[in-house]
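Residue numbers count from 1 along this sequence. Start at 1 and go down the list; that is how both ligands and their atoms are numbered.
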Amino acid sequence: MERATRTIINLNAIAANVATARSIIGHRRDLMAVVKADAYGHGAVNVSQTALQSGATCLGVALPEEGEFLRSGGIEAPVLVLGVIHPKEAPKVVQSRLEQTLCTLELAEALNQAGEASSDKISVHIKVDTGMGRIGLAPRDTPAFVQKISHHKNLHLKGIFSHLPCADHTDKTFTRKQIERFSELVREIAASGVKIPQKHLANSAGILDFPDSYFDLVRPGIMMYGLYPSPHVSRSVALKPAMTLKTQIAYLKRVPAGTPISYGHTFCCEKPMHIATLPIGYADGYSRGLSNRGYAMIRNRPAPLIGRVCMDMCMFDVTDIKNVQPGDEVVLFGEKPTVDELADQLDTINYEIVCSIGKRVPRIFVT
Ligand SMILES: *Cc1c(COP(=O)(O)O)cnc(C)c1O
């Protein structure tokens, strides 16, 4: 029997969200499903299979290990490693038939060498920093770098890309400038006679708000999981949240007024109360920051979280809910409360909530 605490992953929602992204961008572009961090906590292999059946043409991961995991799960589609790696890691890219993000000559040389023994060329995507300030070449250094890469006989220059740091903001000025900067660069490279098939820039916010950012390929992450990148992007398309976090009541007790609850006694019952203990805690990714602030749905009623969230358990006030029984189903997030409500309470973003669900929480896939 599965653990009472589990995440339900609705693969139909993932399929619908990918189809939505596909319908926005049209049929001639590539669609890279971003499945880094175990598909934002949703389960990389299952999500990848679903995405590839629903309009995605390739996959994006952060680490070569994540690419290797997809290969061992039987995924054959192109997989791009979006992060930079140490030159010594180049053999991992070759062994798992991955594509690699590139912005240094050292890595280009290591990949070229690692590709010597391989029958296929190693596909690389050059990363340009047009304003993210994270990784990538300065645009002015890029044309010369492109020329150098074309001399490596074991490398195939498949892509060039950049990333949008502010596309989900209210003020769209910076993103428009960035799109213009990237367009100029790709025009300059094309004019020099080098053909790069996949020029790409758009994340979810780009897809939702900036049609000019689509180029040859788009890279949706958060929208595939049914969440909006921020409150400031267009909601003209409906997304379906894919993850629900559930558990069951492990223990119930009636306590007299004056009873303190959990570590530090930060909560004290002011009246006789009925209290449910749930078998989920911060080690499952249910944040301690929700202590005395969160709520969960029990018998379709909101139950306030009382006291501190422990590593493996937490307590909820069910005094006002009728007929509560041990084993009753509890929704910690999903339809209600939403992931966005938790993110607000924790002063973070929905991305962090879904990525934080712990390894010991089973993922149950439903279709
Ligand atoms: C994570 C990531 C994405 C996806 O971003 P979302 O905001 O989740 O759509 C796209 N591109 C790169 C380079 C990324 O690292």
Who pairs with Ala16 by side-chain contact (heavy atoms from CB on, under 4.5 Å), at least two apart in sequence or on another chain? Lys240
Polar contact flag, side-chain donor to acceptor under 3.5 angstrom, Arg29-His200: no
So, Asp317 versus Thr319: side-chain donor-acceptor pair below 3.5 Å or not? yes
Filter the ligand 1-protein atom pairs down to N or O on both sides and distance under 3.5 Å, then list them.
unit_1   : atom_1 : unit_2 : atom_2 : d
ligand 1 : 7 (O)  : Tyr351 : OH     : 2.7
ligand 1 : 8 (O)  : Tyr40  : OH     : 2.6
ligand 1 : 8 (O)  : Ile222 : N      : 2.8
ligand 1 : 9 (O)  : Ser204 : N      : 2.8
ligand 1 : 9 (O)  : Ser204 : OG     : 2.5
ligand 1 : 9 (O)  : Gly221 : N      : 2.9
ligand 1 : 11 (N) : Arg219 : NE     : 2.8
ligand 1 : 11 (N) : Arg219 : NH2    : 3.3
ligand 1 : 15 (O) : Lys36  : NZ     : 2.6

Residue pairs passing the side-chain hydrogen bond (donor to acceptor under 3.5 Å, both in side chains) test with at least one member in residues 64-74, sequence neighbours excluded, are Glu65-Lys92
Residues Leu252, Val318; criterion side chain to side chain contact (heavy atoms under 4.5 Å, CB included); working and verdict: CA-CA 9 Å; Leu252 274 170; Val318 293; 4.0 Å; yes
What pairs of residues pass the salt bridge (Lys or Arg N to Asp or Glu O under 4.0 Å) test when at least one of them lies in residues 94-119, not counting sequence neighbours? Glu76-Arg97, Glu99-Lys158, Glu116-Lys153
